[in-house]
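Have a look at the structure below, then the notes.
Just so it is clear, the values below take in all heavy atoms, side chains as well, and ignore hydrogens, waters and symmetry mates. Computed from a prediction, not measured in an experiment: that's the story for all the values here. Ligands are counted one by one from 1 in listed order, and the atoms in each one are counted from 1 as well.
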Amino acid sequence: MTMTSQARVVVVGGGFAGAAVARRLERRLPGADLRLVAPDDYSLYLPLLPQVAAGVVPPPAAVVSLTTRLRKTTLVPGRVVGVDLDARRVVVASITGEQEVLGYDRLVLAPGSVTKVIDVPGLREYGRGCKTLAEAEFLRDHVMAQLEVANASTDPAERDRRCRFVVVGGGYTGVETAANLQLMTRALVRRFRRLEPSLLRWHVVQHASELMPGLGTRLGEDTAATLRSRGVEVDLGTSLVEIDDCSARLSDGRTLATSTVIWAAGVAPSPLVGRLGAPTDHGRLVVGADMAVPGHPEVFALGDAAAVPDLAVSPDAVCPPTAQHATRQAPVAAANVVASLQGHPTTEYRHRDLGLVVDLGGTDAVAKPCGIRLAGLPAQVVTRGYHLWALRAPGAVARVATNWALHAAGSSNAVRLGFLGGSTGRLAEFEHTDDYLTPEQVREVVAGRSAAG
Ligand SMILES: Cc1cc2nc3c(=O)[nH]c(=O)nc-3n(C[C@H](O)[C@H](O)[C@H](O)COP(=O)(O)OP(=O)(O)OC[C@H]3O[C@@H](n4cnc5c(N)ncnc54)[C@H](O)[C@@H]3O)c2cc1C
């Protein structure tokens, strides 16, 4: 038997990058021991999250099952909380609460990113995110609950507060979240006899001087114009200073009475990669253009968690954290895993960005495919066509397309699912960021298990 057929390969993460690497390796390494560690049994198509939050597509339509997609990979349900690169071991915190240690010949790190929470007083306690499926669901419940409470209230100040929604962050996540939820509230408000559409106030608070700076000034202006024409207040050059249960204080001196602050001001790489003892760049694991970790040719990293050089731009540039790059890095990383096992040279990643698409709900969108600036319906056709193409799995494509059609036909059965009963759904409750282990702690775990076993 060769090293290739016996190889133990552990893939960390089942998102855009990790699942695609595992799928390629199933074909390229028949007979190898492939394991994929991920907390969920699905790949989440994150670009659809704002539409999940707004009830345009239901949660199962935004995911692709890993058990269906990966037939020859053993799924390990849990999170990798520590890696000892020298001993080639990872520690998994299983979803059952137990710890498991896995050895590997090759390791692929693709744990993605988490919401970047900065030091704004009250943010963790009162802010709400839209980065996980659960957060999107909580967000919809919360927003719908605000309208119900406003409708039931006789206090005009409370009604104003409940009907004001503040989204912090003018990148595509914040813009899409605000745009889609605003349309949802505009449709829902008609259900409430005592609420006027004019009571609804949506704000996008953006630190930079334009929306979505990565898309170019013109598209940022088009987006701002579309949002403003729909009554959304776009506050550029403004940031959040403090929040509490009933207000948001902004850097321009205003204090907005609100019970809803949605935090969409960027992502930070998974804290796992910061605990490896290996160099990072702005929190992302430093890798070569072949995605190998310097000094550890048996370890590859890609996607949001890795600082993969963007050779198509310049030797010093790093790929932005986008699904487009994560998806395209995956086949190269998988090929390099195989090449490294076979003793062949590895390949550098090189991909020219195709641009971004931004769905503003209904027939509104902006897009810049291959440098061509589009807005309105043509942009929406490109945007939705791109998502269907990128989803790839035929079942998921059918589910998403059907739900878009139902929604466009006005068949929305948006109801509050009651998640808020036992939980607040705020930022502090999501994303485990503080239980990762250093290599020394990993060695202690391994030593403890050896002594016990
Ligand atoms: C709301 C929103 C909209 C977006 N829209 C777009 C868009 O339109 N176009 C675009 O190109 N990009 C978009 N992005 C960015 C894009 O989704 C990411 O760049 C992409 O998901 C990165 O892929 P990834 O595989 O690195 O991470 P992910 O897809 O996030 O996958 C990470 C995986 O790792 C798992 N994981 C996390 N921690 C661990 C751990 N410790 N152990 C094991 N598994 C772990 C996660 O559960 C998940 O399965 C959007 C992002 C968001 C949040």
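Near A38, meaning under 4.0 Å from one of its heavy atoms, ligand 1 places the atoms 44 (N). Of all atoms in ligand 1, listed by their number and element, those nearer than 4.0 Å to a heavy atom of A17 are 25 (O). For ligand 1, the atoms sitting less than 4.0 Å from at least one non-hydrogen atom of A326 are 22 (C), 23 (O), numbered in the order shown with element in parentheses. Per-residue contacts place V12 under 4.0 angstrom from the following atoms of ligand 1 (heavy atoms of the residue considered): 42 (N), 43 (C). Near F16, meaning under 4.0 Å from one of its heavy atoms, ligand 1 places the atoms 17 (O), 20 (C), 21 (O), 23 (O), 25 (O), 29 (O). Atoms of ligand 1 found under 4.0 Å from any heavy atom of K131 (numbered from 1 in listed order, with element): 53 (C). Close contacts of ligand 1 with Q324, meaning ligand atoms under 4.0 Å from a residue heavy atom, involve 11 (O). Applying the 4.0 Å criterion to heavy atoms of G303 picks out, from ligand 1, the atoms 26 (O).
The shortest N/O to N/O separation between L46 and ligand 1 does not fall below 3.5 Å. Considering both main-chain and side-chain atoms, Y436 comes within under 3.5 Å of ligand 1 through a nitrogen or oxygen pair. Distances between N or O atoms of D304 and those of ligand 1 include at least one value under 3.5 Å.
Between Y45 and F16, the two ring planes are tilted [angle within 30° to 60°]. Below 30°, between 30° and 60°, or above 60°: for H387 and W404 the angle between ring planes is between 30° and 60°, a tilted geometry.
In this model, a donor atom of one side chain and an acceptor atom of the other lie less than 3.5 Å apart for Y436 and R79.
Closest to atom 14 (N) of ligand 1, if we only count protein heavy atoms, is Y172 OH, 3.4 Å. In this structure, atom 16 (C) of ligand 1 lies nearest to the protein heavy atom A323 N, 3.5 Å. Nearest non-hydrogen protein atom to atom 31 (O) of ligand 1 is G15 CA, 3.2 Å. In this structure, atom 1 (C) of ligand 1 lies nearest to the protein heavy atom T173 CG2, 3.5 Å. The protein heavy-atom contact nearest to atom 43 (C) of ligand 1 is V37 O, 3.4 Å. Nearest protein neighbour of atom 35 (C) of ligand 1, counting heavy atoms only, is G13 CA, 3.8 Å.
Atom CZ of R89 sits in a sparse spot, with 12 or fewer heavy atoms from other residues, nucleotides or ligands closer than 6.0 Å.
Pairs engaging residues 270-292 under the side chain to side chain donor-acceptor pair (under 3.5 Å) rule: D290-T346 [sequence neighbours left out].
Under 4.0 Å from ligand 1, the heavy atoms of A110 that appear belong solely to its backbone. Counting heavy atoms closer than 4.0 Å to ligand 1, residue L356 contributes side-chain atoms (C-beta onward) but none from N, CA, C or O. In P111, the parts holding a heavy atom less than 4.0 Å from any atom of ligand 1 are both the side chain and the backbone.
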- Item | side chain to side chain contact (heavy atoms under 4.5 Å, CB included) between W263 and L240, worked out | CA-CA 10 Å; W263 181 252; L240 179 70; 4.0 Å; yes

- Query: Does the pair S113 and K131 meet the rule for a side chain to side chain contact (heavy atoms under 4.5 Å, CB included), with working shown?
  - Reply: CA-CA 9 Å; S113 52; K131 178 79 169 65; 3.4 Å; yes

- Task: Please test T185 against Q182 for side-chain hydrogen bond (donor to acceptor under 3.5 Å, both in side chains), starting from the C-alpha separation and ending with a verdict.
- Result: CA-CA 5 Å; T185 52; Q182 188 237 3; over 6 Å; no

- Dump the intermediate steps for side chain to side chain contact (heavy atoms under 4.5 Å, CB included) on S65 and D41, then the final yes or no. CA-CA 6 Å; S65 157; D41 65 345; 5.7 Å; no

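Heavy atoms of P39 approach ligand 1 to within less than 4.0 angstrom.
A salt bridge links R8 with D105; the closest basic N to acidic carboxylate O contact falls under 4.0 Å. A salt bridge does not link R23 with E26: every distance from a Lys NZ or Arg NE/NH1/NH2 to an Asp or Glu carboxylate oxygen is 4.0 Å or more.
Qualifying side-chain contact (heavy atoms from CB on, under 4.5 Å) partners for A61, counting only residues two or more places apart in sequence or in other chains: V57, P58, R399, V400, N403.
Across V80, V358, V83, heavy-atom proximity to atom 41 (N) of ligand 1 is greatest for V80.
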